[in-house]
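A quick note: this is a predicted structure, and the numbers were derived from the prediction, not measured.
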Amino acid sequence: MSVALNYQTITKKIEEACLVSGRQPGEVNVIAVSKLVTIKQMKEAISIGINHFGENKVQDMMEKMKAIDAPVNWHMIGHLQRNKVKYIVDNVSLIHSVDSLSLIQEIERQALKINRVVDCLIQVNVSGEASKFGIDPTEIDSIMESLEGLEKINVVGLMTMAPHYDDPEKTRDSFKRLSFLFETCQEKAYHGTHLKYLSMGMSNDYEIAVQEGANMVRIGSALFGERNYG
């Protein structure tokens with residue numbers, strides 16, 4: 001099946017999920033996860049109006065930035081090492097995976113060098129899985145308060161990686177937890193935050209995520225087909 005047909009299916013399911021939760025489909029942004037995706041496939045996606053791409057590795061993002069000359073938005077969705085921040089800080093649209101105070105400080109340091117404000121999401125490990133990156137939900141206050149006095153990092157939301165289940169309904173609890181935390185953070189209105197994005201849900205569970213408030217979903221295989229991860 002083509003990328004275009006897959007995208008039609010995805011947008012229809014998002015519309016249905018929004019209907020269930022009383023939301024407008026236009027609120028939901030699809031981030032096309034382009035890990036192991038060819039430039040040809042990415043250009044096909046661009047041709048049908050997709051302009052948000054998510055990469056897991058800095059090197060892959062840099063290579064694709066050079067190969068794609070269309071005006072697209074690049075999202076860093078994988079774990080970001082501090083020593084790699086300098087390579088993407090100048091043109092990444094959104095970093096989804098900020099998971100430590102030290103990473104916040106490094107993004108600020110590199111962004112100051114080029115006088116650019118960098119939009120970021122705080123990654124929260126709501127499931128408590130040891131294999132998942134992200135701060136513990138109990139750390140959210142200290143992380144948000146650490147933004148006080150920083151000039152070049154703009155926290156615009158939260159992100160999580162839910163556990164993978166064969167039954168996507170089992171992910172609902174994780175999404176509910178992040179959605180509640182998101183609303184709590186919005187109410188507290190921390191300095192240095194403008195919380196508007198809730199990034200959660202992937203190919204196997206994005207419908208549940210949208211029902212629970214996601215307005216960014218990160219979709220790879222459902223859009224581009226299964227890939228060989230080696």
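Put simply, the side chain of N73 does not reach to within 4.5 Å of the side chain of V92, judged on heavy atoms. Under the 4.5 Å side-chain criterion, counting only non-hydrogen atoms from C-beta, M65 is in contact with N91. V217 is not listed as a side-chain neighbour of M200, based on a closest heavy-atom distance of 4.5 Å or more. By the 4.5 Å heavy-atom criterion applied to side chains, I10 and I14 are counted as neighbours.
Donor-acceptor pairing under 3.5 Å is recorded for the side chains of N125 and S127.
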Could you go through the salt bridge (charged side-chain N to carboxylate O under 4.0 Å, His left out) check for K12 and E15 one step at a time?
CA-CA 5 Å; K12 181 173 177 54; E15 288 174 4; 5.7 Å; no
Could you walk me through whether L103 and L80 pass the side-chain contact (heavy atoms from CB on, under 4.5 Å) check?
CA-CA 8 Å; L103 181 55; L80 179 58; 4.2 Å; yes
side-chain hydrogen bond (donor to acceptor under 3.5 Å, both in side chains) between S199 and H96, intermediate numbers included:
CA-CA 8 Å; S199 173; H96 290 232; 3.0 Å; yes
CA sep, side-chain torsions, deciding dist, call: N215, K196, side-chain hydrogen bond (donor to acceptor under 3.5 Å, both in side chains):
CA-CA 9 Å; N215 54 17; K196 55 185 177 179; over 6 Å; no
Between K43 and I68, does the side-chain contact (heavy atoms from CB on, under 4.5 Å) criterion hold? Intermediate values first, please.
CA-CA 8 Å; K43 287 182 176 180; I68 300 290; 4.1 Å; yes
With side-chain contact (heavy atoms from CB on, under 4.5 Å) as the criterion, how do M144 and V155 come out once you've worked through the C-alpha distance, each side chain's angles and the decisive distance to 0.1 Å?
CA-CA 9 Å; M144 292 299 195; V155 172; 4.2 Å; yes
From CA spacing to verdict: side-chain hydrogen bond (donor to acceptor under 3.5 Å, both in side chains), N29, H52:
CA-CA 8 Å; N29 297 284; H52 292 271; 4.6 Å; no
Tell me, with the steps shown, if N51 and I46 meet side-chain contact (heavy atoms from CB on, under 4.5 Å).
CA-CA 6 Å; N51 63 358; I46 292 167; over 6 Å; no
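Among pairs with a residue in residues 197-225, those fulfilling salt bridge (charged side-chain N to carboxylate O under 4.0 Å, His left out) read R172-E212, K176-E212, at least two apart in sequence or across chains. Listed by first then second residue, pairs satisfying side chain to side chain donor-acceptor pair (under 3.5 Å) with a partner in residues 155-167 read H164-N204, not counting sequence neighbours. Applying the salt bridge (charged side-chain N to carboxylate O under 4.0 Å, His left out) rule to pairs touching residues 115-141 yields E129-K132, D141-K188, sequence neighbours excluded.
When all heavy atoms are compared, the tightest approach of V118 to A111 is CG2-CB, 3.8 Å. Here the closest non-hydrogen pair linking C18 and V210 is SG-CG1, 3.7 Å. The nearest pair of heavy atoms linking I107 to C120 is CD1-SG, 4.0 Å. Of all heavy-atom pairs between G157 and F182, the closest is CA-CE1, 4.2 Å. Here the closest non-hydrogen pair linking F224 and N6 is N-ND2, 4.4 Å. For the pair Q186 and L195, the tightest heavy-atom approach, listed with the atom from each and the gap, is NE2-O, 3.0 Å.
Salt bridge D173/R177: present, at least one basic N to carboxylate O contact under 4.0 Å. One finds no salt bridge joining K13 and E16 here, because no Lys/Arg side-chain nitrogen approaches an Asp/Glu carboxylate oxygen to under 4.0 Å.
In this structure, the separation between NZ on K84 and CD on E106 is 13.0 Å, given to the nearest 0.5 Å. E44 contributes atom CD, which lies 8.5 Å from atom CG of L223 (distance to the nearest 0.5 angstrom). The structure places CG of L158 at 5.5 Å from SG of C185, a figure rounded to the nearest 0.5 Å. Distance OG1/T193 to CD1/I153: 11.5 Å, rounded to 0.5 Å. To the nearest 0.5 angstrom, I122 atom CD1 is 11.0 Å from Y190 atom OH. Within the model, atoms NZ of K35 and NZ of K64 stand 10.0 Å from one another, a figure rounded to the nearest 0.5 Å.
When hydrophobic clusters are built by joining Ile, Leu, Val, Met, Phe, Trp and Tyr residues whose side-chain heavy atoms come closer than 4.5 Å, directly or via intermediates, F175 is not grouped with L19. A continuous path of ILVMFWY side-chain contacts below 4.5 Å connects I39 to Y7, so both sit in one hydrophobic cluster. In terms of hydrophobic clustering, with Ile, Leu, Val, Met, Phe, Trp and Tyr side chains grouped at heavy-atom distances under 4.5 Å, L101 and F133 are assigned to different clusters. A continuous path of hydrophobic side-chain contacts links L181 to I104 [ILVMFWY only; heavy atoms under 4.5 Å]. The hydrophobic cluster containing L112 does not contain V89, counting ILVMFWY residues as joined when their side-chain heavy atoms lie under 4.5 angstrom apart, directly or transitively.
Other cluster members for L94: I31, L121, V156, M159, M161, Y197, M202, M216, joined by side-chain heavy-atom distances under 4.5 Å among Ile, Leu, Val, Met, Phe, Trp and Tyr.
In this structure a side-chain-to-backbone donor-acceptor pair under 3.5 Å is present from E27 to Q24. At distances below 3.5 Å, not a single donor-acceptor pair connects side-chain atoms of R23 with backbone N or O atoms of A17. Checking side-chain atoms of E55 against main-chain N and O of H75 turns up no donor-acceptor pair under 3.5 Å. Side-chain atoms of S34 never come within 3.5 Å of backbone atoms of V37 as a donor-acceptor pair (strictly under, hydrogens ignored).
In this structure, F180 has no ring-ring contact (aromatic ring centres under 6.0 Å, His included) partners at least two apart in sequence or on a different chain. For T38, the side chain to side chain donor-acceptor pair (under 3.5 Å) partners two or more places apart in sequence, or in a different chain, are Q41.
Other residues, nucleotides and ligands contribute only 12 or fewer heavy atoms inside 6.0 Å of the NZ atom of K57.
Between F53 and W74, the two ring planes are tilted [angle within 30° to 60°].
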